Each structure stands twice: as structure tokens, then as C-alpha cells.
Protein chains: 2
Amino acid sequence: MSAPDISLLGYALLGLLGQKESSGYDLRKTFALTPMQSFSDSPGAIYPALKRLEKSGLIRGKVEQGSGLRRRQVFRLTAAGTAALKSWLRKPPTHDDVIRAVDEMMLRFSFMDVVLGPEDSHRFLVAFEGELMSYVPKLREYLAAHGAKLPLSAKLALECGIRRYEAHWQWAKDAQAAYRSFQTQCDG
Amino acid sequence: MSAPDISLLGYALLGLLGQKESSGYDLRKTFALTPMQSFSDSPGAIYPALKRLEKSGLIRGKVEQGSGLRRRQVFRLTAAGTAALKSWLRKPPTHDDVIRAVDEMMLRFSFMDVVLGPEDSHRFLVAFEGELMSYVPKLREYLAAHGAKLPLSAKLALECGIRRYEAHWQWAKDAQAAYRSFQTQCDG
DNA sequence: TATCCCATGTAACGAGTTACATGATTCT
DNA sequence: AGAATCATGTAACTCGTTACATGGGATA
């Protein structure tokens with residue numbers, strides 16, 4: 001057990017399969033046609049990844065066959081797959097995640113509601129905001145300290161990076177509010 | 001010629017070496033201690049990358065040796081290296097870059113002033129803004145069309161991605177203004 | 001003398017990229 | 001009949017990750 005050793009693509013596939021059983025081709029379409037375009041839709045990425053997940057027992061594929069249908073293998077999560085997905089989603093956001101893996105955190109968040117539920121989503125947002133609250137000022141301090149001696153474009157690039165984090169921060173606050181009002185609706 | 005086949009890390013090293021000759025250790029420190037922390041500072045990444053660049057003739061290393069000094073190899077760009085760096089920096093930002101490689105674009109921009117000069121930096125910003133201007137509305141439309149049927153966390157994650165692009169967009173406008181006022185100062 | 005930091009490297013491994021390949025089905 | 005789309009796969013290659021290894025010099 002312990003470290004499951006699944007790539008980001010692997011988790012993306014688990015997450016999508018958690019919402020809806022799909023063939024490799026379906027998943028490729030998702031990557032090609034939705035805002036998940038940061039993932040490659042190349043067969044050389046998806047099919048081997050699906051094979052790895054199946055070999056690890058996290059998903060299982062069934063070949064569909066109705067009369068005139070082309071061969072088409074539909075995958076769904078196994079119990080172990082659901083467990084792996086959950087434990088990935090439950091990992092609290094760390095400082096390192098904020099620096100190196102914001103995109104992964106957003107991917108996790110996007111699956112969270114369905115797999116874990118709104119309470120966990122909200123908790124995630126609070127923790128995420130906490131990390132940003134401590135990191136953004138550090139970046140601002142760095143810019144204040146070293147900005148003067150940087151070339152203009154380097155300074156501006158840093159400013160851009162900081163603003164991106166500030167946008168995430170503001171979003172995290174707004175998203176928390178969205179969950180609170182969602183909660184109120186349920187209670188009311 | 002044609003496709004130089006240099007990784008993002010390779011270009012980061014070229015860019016840094018273009019500003020200041022450095023040893024592998026210096027470069028590792030840069031990745032470890034500045035906001036370039038999205039790059040790994042592991043020796044297993046940097047030293048092989050430097051070797052590849054040297055083998056391609058883009059950088060050249062000299063072993064420093066003063067009396068009591070430890071062995072330390074300092075690298076600098078060759079003419080071919082400068083040329084490769086310039087041609088990378090001159091690539092206009094594409095739609096695909098915006099979707100898959102924003103970070104690479106920001107890295108490029110950060111080196112641009114020194115290597116190409118402010119006019120090219122400004123041109124880059126205009127082109128970048130153009131791409132965002134056409135992409136952000138598409139994302140907003142997708143959200144409007146499909147948002148209702150998405151789980152809340154998925155909808156919010158998409159909103160976050162859009163806001164990030166909007167932050168880039170606003171930044172691109174502000175950065176252009178910064179170059180204009182810089183230009184005015186030079187003229188005045 | 002023990003421990004840290006400087007400074008460089010290598011080896012095994014995993015995973016994505018590109019490109020190629022195949023065959024069935026539907027559309028025109 | 002030909003083209004496009006559905007649907008899956010594989011092989012070579014590159015590069016980054018992790019972990020290990022090595023030694024000189026400084027500091028306590």
C-alpha cells in the first residue's frame with residue numbers, strides 16, 4: 001500500500017471514471033473538447049495509462065458488444081480505484097503543492113464534491129486559502145526587495161505570478177462563500 | 001538546424017546563463033531560493049541538462065581553479081546558445097501556448113528585456129493579450145452553457161481557471177502601460 | 001573529529017511525446 | 001468509392017524523478 005504511484009493523468013482518468021464510466025476514446029474526447037485541454041488527448045498517453053490503472057486493479061474494462069458495434073472497451077472504477085481516488089482527494093493542500101502543483105490542486109477540487117461531498121470541499125478551500133495567505137506576502141516581499149535591480153520584464157513576470165496567486169486567493173474566498181450559501185439553502 | 005529540441009529546463013538554464021555565467025550549483029541555488037521554485041533544483045535534473053546543452057554546443061564550461069578552490073565549473077553561452085535563446089524568445093505566443101504553456105510564456109517574457117529589448121517585450125504583450133482576448137470569452141461561454149449541470153466544485157474550478165486567465169489579461173494590459181511609460185521616460 | 005555545506009555526478013525507473021499502424025463504420 | 005470518424009494500440013525516444021555516491025573545505 002502506501003504510495004500508490006499514480007501520475008496526474010492517472011488521477012484525472014480516475015476522477016472522470018468516478019463520474020461516468022467511459023471508453024478510452026470518450027476520455028480522449030473529454031480532454032480534447034472540454035476545458036481539460038491542458039491534458040494531452042494523444043492515444044500514446046491515454047491507452048497506456050488506462051492499462052497501468054487496470055493492471056493495478058484500480059479500474060476494470062469491459063468490451064462492449066451489441067450487434068453492429070465496433071469493439072469498444074468501457075472502464076469503470078473498482079473499489080480499490082474509488083479508495084485511491086478518495087485518498088488522493090483527501091490529501092490536505094501543502095505549501096509545496098501551492099508552488100509546484102496548483103493545477104493538480106484544482107483538478108482535485110473539481111472532483112471533490114462528487115466523491116467526498118461539500119464539507120470536504122469547503123475544508124479544502126479553507127486550507128488552500130491559508131497556504132496562499134502565507135505565501136503571497138512572501139512573494140510580495142521578494143518583489144519589494146529585489147524588484148529594483150531586476151530587468152523590467154523579469155519584474156513584470158514576477159508581478160504576473162503574484163497576481164495569479166492573488167486571483168486564486170480571492171477565488172478561494174468567493175468559493176467558500178458559495179459553499180456557505182449552498183449550505184444555507186439546504187438547511188432552509 | 002530547425003527544431004533545436006531543448007526542454008523547458010534547458011531554456012531556463014540558457015536564459016539564466018544569458019544574464020550571468022554560473023556553475024551548476026549556482027543555478028540549483030537560483031531554482032531553490034528565488035521565485036523560480038517551480039523548477040526542480042535536483043542535481044539529477046540540472047547536471048544532465050547542462051551536459052546536453054554543452055554537447056549541443058550551446059554553452060561552454062570552464063573549470064575554475066585558484067589555489068585552494070574546490071573544483072567548480074562555470075558555464076556561459078556560446079554564440080549558438082545565444083542564437084537558440086533568441087529564436088525561442090522570438091516565437092510569437094500561440095493559442096496553444098496559452099492553453100498548455102502559460103508558464104513557459106512567462107519564463108520567456110522574463111528573459112525578453114535583456115536578450116531582445118523592450119520593443120520585442122511590448123510586442124509579445126500585445127500578442128499575448130490578443131490570444132487571451134479571444135480565449136477568455138470562449139471559456140466564459142462554456143461555463144454559461146454547461147455550468148448548470150456541473151457539480152459545484154467542478155463549476156468553481158472552471159471559474160478559477162477563467163479568473164486566472166483574466167488576471168493574466170489584466171496584467172498584460174498593465175504591463176503594456178508600464179512599457180509605454182518606460183518609453184516616454186527614455187524619449188523625454 | 002564530527003558535521004555541515006559546497007559541488008558534482010550517475011543509475012534505474014516512470015511516464016509522456018511523436019509517429020506510426022490497423023481496421024471497422026458512417027457519411028457523401 | 002473515398003473520406004472522415006470511431007476506436008485502439010505500439011515503439012522509439014527523451015527527460016525528469018528518486019536515490020545513491022563521492023570528496024574537498026569550513027565550522028563547532
Side-chain angles (χ1 to χ4, degrees), chain A residues 2-14 21-33 36-56 58-59 61-75 96 99-101 103-104, chain B residues 2-14 21-33 36-56 58-59 61-75 96 99-101 103-104:
Chain A
S2 65
D5 200 31
I6 301 169
S7 71
L8 186 58
L9 172 60
Y11 280 118
L13 294 171
L14 285 185
E21 58 175 45
S22 312
S23 68
Y25 195 76
D26 293 336
L27 294 161
R28 288 183 60 203
K29 284 278 154 188
T30 300
F31 292 147
L33 302 174
M36 295 189 78
Q37 284 172 38
S38 55
F39 289 95
S40 162
D41 67 330
S42 89
I46 276 99
Y47 292 107
L50 287 170
K51 263 199 184 159
R52 284 195 297 274
L53 292 173
E54 190 169 33
K55 213 174 92 182
S56 312
L58 304 177
I59 65 177
K62 248 186 206 159
V63 177
E64 267 189 358
Q65 42 197 5
S67 49
L69 276 175
R70 316 175 197 76
R71 145 169 151 287
R72 182 168 182 276
Q73 201 176 5
V74 176
F75 294 92
D96 216 72
I99 295 175
R100 293 259 184 94
D103 291 343
E104 175 174 346
Chain B
S2 67
D5 200 32
I6 301 170
S7 71
L8 187 58
L9 172 59
Y11 281 118
L13 294 172
L14 284 185
E21 57 176 45
S22 313
S23 68
Y25 195 77
D26 293 337
L27 295 161
R28 290 183 60 202
K29 284 280 153 185
T30 300
F31 292 147
L33 303 174
M36 295 188 79
Q37 284 171 38
S38 55
F39 289 95
S40 160
D41 67 329
S42 89
I46 277 103
Y47 292 108
L50 287 170
K51 261 196 185 162
R52 284 195 298 274
L53 293 173
E54 190 169 33
K55 213 173 92 180
S56 312
L58 304 176
I59 64 175
K62 249 187 206 158
V63 178
E64 271 190 356
Q65 43 195 6
S67 50
L69 276 175
R70 317 176 196 77
R71 145 170 151 287
R72 182 170 183 276
Q73 201 175 6
V74 177
F75 293 92
D96 216 72
I99 295 174
R100 293 259 184 90
D103 290 344
E104 174 175 345

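We name chains A, B, ... by the order of the sequence lines, and we start the count at 1 in each one. Any value given below was found using the heavy atoms of this structure, including those in side chains, with hydrogens, waters and symmetry copies removed. All values derive from a computational prediction rather than experimental measurement.
Near DNA chain C, meaning a heavy atom under 4.0 Å away, the residues from residues 21-29 of chain B are Ser23(B), Gly24(B), Tyr25(B), Arg28(B), Lys29(B). DNA chain D lies under 4.0 Å from at least one heavy atom of each of the following residues of residues 38-49 of chain B: Ser40(B), Ser42(B), Gly44(B), Ala45(B).
Regarding contacts with the backbone of dG16(C), a side-chain N or O of Arg52(A) is found under 4.0 angstrom from either OP1 or OP2. Taking side-chain N and O atoms only, Arg72(A) has no distance below 4.0 Å to OP1 or OP2 of dT8(D). Between Ser7(B) and dG16(D) there is a side-chain polar atom (N or O) within less than 4.0 angstrom of OP1 or OP2. Distances shown here put every side-chain N or O of Lys51(A) at or beyond 4.0 Å from the OP1 or OP2 atom of dT8(D). One finds no side-chain N or O of Arg71(A) lying less than 4.0 angstrom from the OP1 or OP2 phosphate oxygen of dA7(D).
The side-chain contact (heavy atoms from CB on, under 4.5 Å) test applied to Ser42(B) returns Ser40(B), Ala45(B), not counting sequence neighbours. Listed by chain and number, the residues in a side-chain hydrogen bond (donor to acceptor under 3.5 Å, both in side chains) with Gln37(B) amount to none (sequence neighbours excluded). For Asp103(B), the salt bridge (charged side-chain N to carboxylate O under 4.0 Å, His left out) partners at least two apart in sequence or on another chain are Arg164(A). The side-chain contact (heavy atoms from CB on, under 4.5 Å) check on Ala101(B) picks up Asp97(B), Glu104(B), with sequence neighbours excluded. The ring pair (Phe, Tyr, Trp, His ring centres under 6.0 Å) check on Phe39(A) picks up Phe31(A), with sequence neighbours excluded. Residues that satisfy the side-chain hydrogen bond (donor to acceptor under 3.5 Å, both in side chains) test with Glu21(A), not counting sequence neighbours, are Arg76(A).
When rounded to the nearest whole Å, the span between CG of Leu53(B) and P of dT14(D) equals 15 Å. If you measure from atom CD1 of Ile6(A) to atom P of dT17(D), you get 19 Å, rounded to the nearest angstrom. Here the C1' atom of nucleotide dT17(D) and the CG atom of Leu9(B) are 12 Å apart, to the nearest Å. The separation between Asp5(B) atom CG and dG16(C) atom C1' is 14 Å, rounded to whole Å. Atoms CG (Leu8(A)) and P (dT17(C)) sit 11 Å apart, rounded to a whole Å. Leu13(A) places its CG atom 12 Å from the P atom of dA15(C), with the value rounded to the nearest Å.
The salt bridge (charged side-chain N to carboxylate O under 4.0 Å, His left out) pairs that include a residue from residues 22-32 of chain A are Asp26(A)-Arg72(A), where partners are two or more places apart or lie in different chains.
Looking at Thr30(B) and Asp41(B), their side chains never come closer than 4.5 Å, going by heavy atoms from C-beta outward. Side-chain contact between Val63(B) and Val74(B) is absent, with no heavy-atom pair separated by less than 4.5 Å.
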